[in-house]
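These numbers come from the heavy atoms of this one structure, side chains and all, not from hydrogens, waters or symmetry mates. Every chain is numbered from 1 and lettered A, B, ... according to where its sequence line falls, protein lines coming before strand lines.
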Amino acid sequence: MDRLPPLNPLRAFEAAGRLRSIRKAADELSVTPGAVSRQVQSLESHLGTPLFRREPREIVLTPEGEQYLAAITLHFDGIREATRKLTGQTTIEVVRIRAYTTFAVKWLIPRLSSFHADNRTTEVRLTTSVEAVDFDRENVDGAIRLGDGNWPGVEVDRLIANELVPLCSPALRRHAGLKKVGDLAGQTLLHSLVRLDDWRYWLEAAGAEGIDPYAGPKYASSTLAYQAALEGQGVMIAQKALFSEDLRARRLVQPFGPPLNRGEFTYYFIYPRNRMRNPAFRRFREWLLAQTRT
DNA sequence: GCAGGGGAGTTCCCCTGTTT
DNA sequence: AAACAGGGGAACTCCCCTGC
């Protein structure tokens, strides 16, 4: 086939695929969902290939749809860029970064203003997830991940060590008289559901006995456990590097040690090699690595 | 467990603007 | 004038969520 497919349906598909929603695509294109649905169907009919699976109340890209979307998105980006140049608008370069929620909230976002101050034409689009990133299928340039540094097929930069320590509010430490590991008995341990084993790792390393490492409230994210700790509702097990500002401001205190270092849980920045062709991405990476040294 | 509400996508009918 | 493309509105289906 050497002719272009119908471009309006292609545009509708690009929006629906990118937003994973007919309704959101309709909002973006200022048409009704019915119009987008028909446009996508007409493109599928033209191509002779289903691009979406219709699930109850949602659409899911087929593998062919994923590949097609990834390919045409590059060209839509090119059209947007060319239009910006033609109309004299300042070019905004976008760097798409994936991180864990707590890393984003406690470490990355507080520092991002310094990046934007020096890179006014670069926009960092930050998304959060605990799931592994698939650079071939997802529109992500780089991801901050915990691991042992062994990710086949991508470039890897070591960021910061992951040192686990117990943290609580100053008031709780005072009232509960927390001075040594054994004082944790009878205290509420706060957990993140995605890092449920952290208390066990730490209690074993600290030589604590008779304390159930899995007892206590469990939160969907360390960010929520952090809020509970601020409120004095218990003791959290935390990655110290993410909470240095809270420790400095004494919103949280570390009642006792020892810190636990686990080599396989170090923060790394991972990205496909081809992203280094993007100057904005290179600048972000350089800035990120510099931040870890300060 | 069940009924009702509501969200998301699809289908159908009709209208409007453009092309031939 | 007829054919066609594109889109709106309403009705429909499906099914998740919520309250009882």
**Asked** Is the number of heavy atoms from other residues, nucleotides or ligands within 6.0 Å of CZ (Arg285(A)) greater than 12?
**Response** yes
**Request:** Using the six-membered ring wherever Trp is involved, compare the ring planes of Phe269(A) and Tyr271(A) and label them parallel, tilted or perpendicular (cut-offs 30° and 60°).
**Result:** tilted
Strictly under 3.5 Å: I want the nitrogen or oxygen pairs between protein and nucleotides 12-15 of chain B, one per line.
from	atom 1	to	atom 2	distance (Å)
dC12(B)	N4	Arg38(A)	NH1	2.8

**Fill in**
Separation between CG (Asn278(A)) and CZ (Arg96(A)), nearest 0.5 Å, reads 9.5 Å
**Request:** Could you check Leu288(A) against Leu108(A) for side chain to side chain contact (heavy atoms under 4.5 Å, CB included), going step by step and ending with a plain yes or no?
**Result:** CA-CA 9 Å; Leu288(A) 184 65; Leu108(A) 187 54; 4.1 Å; yes
**Message:** Counting the benzene-type ring for Trp, do Tyr268(A) and Trp151(A) have ring centres under 6.0 Å apart?
**Reply:** yes
**Prompt:** So, is Gln41(A) close to the dT11(B) phosphate, meaning a side-chain N or O under 4.0 Å from OP1 or OP2?
**Reply:** yes
Detail all sub-3.5 Å separations between protein N/O atoms and N/O atoms belonging to nucleotides 5-9 of chain B.
from	atom 1	to	atom 2	distance (Å)
dG6(B)	N2	Arg57(A)	NH1	2.9
dA8(B)	O3'	Arg57(A)	O	3.4
dG9(B)	OP1	Ile22(A)	N	3.2
dG9(B)	OP2	Ile22(A)	N	3.4
dG9(B)	OP2	Arg23(A)	N	2.9

**Request:** Taking the six-membered ring for Trp and the full ring for Phe, Tyr or His, determine whether the centres of Phe52(A) and Phe13(A) are under 6.0 Å apart.
**Result:** yes
**Item:** Separation of dT10(B) C1' from Phe52(A) CZ (nearest whole Å)
**Value:** 14 Å
**Request:** Supply the atom-to-atom distance His191(A) NE2 to Arg200(A) CZ, rounded to the nearest 0.5 angstrom.
**Result:** 12.5 Å
**Fill in**
Sorted by chain and residue number, the side-chain hydrogen bond (donor to acceptor under 3.5 Å, both in side chains) partners of Arg145(A) (sequence neighbours excluded) come out as none
**Request:** Take the protein atom CG of Leu51(A) and the nucleotide atom C1' of dT10(B), then report the distance between them rounded to whole Å.
**Result:** 17 Å
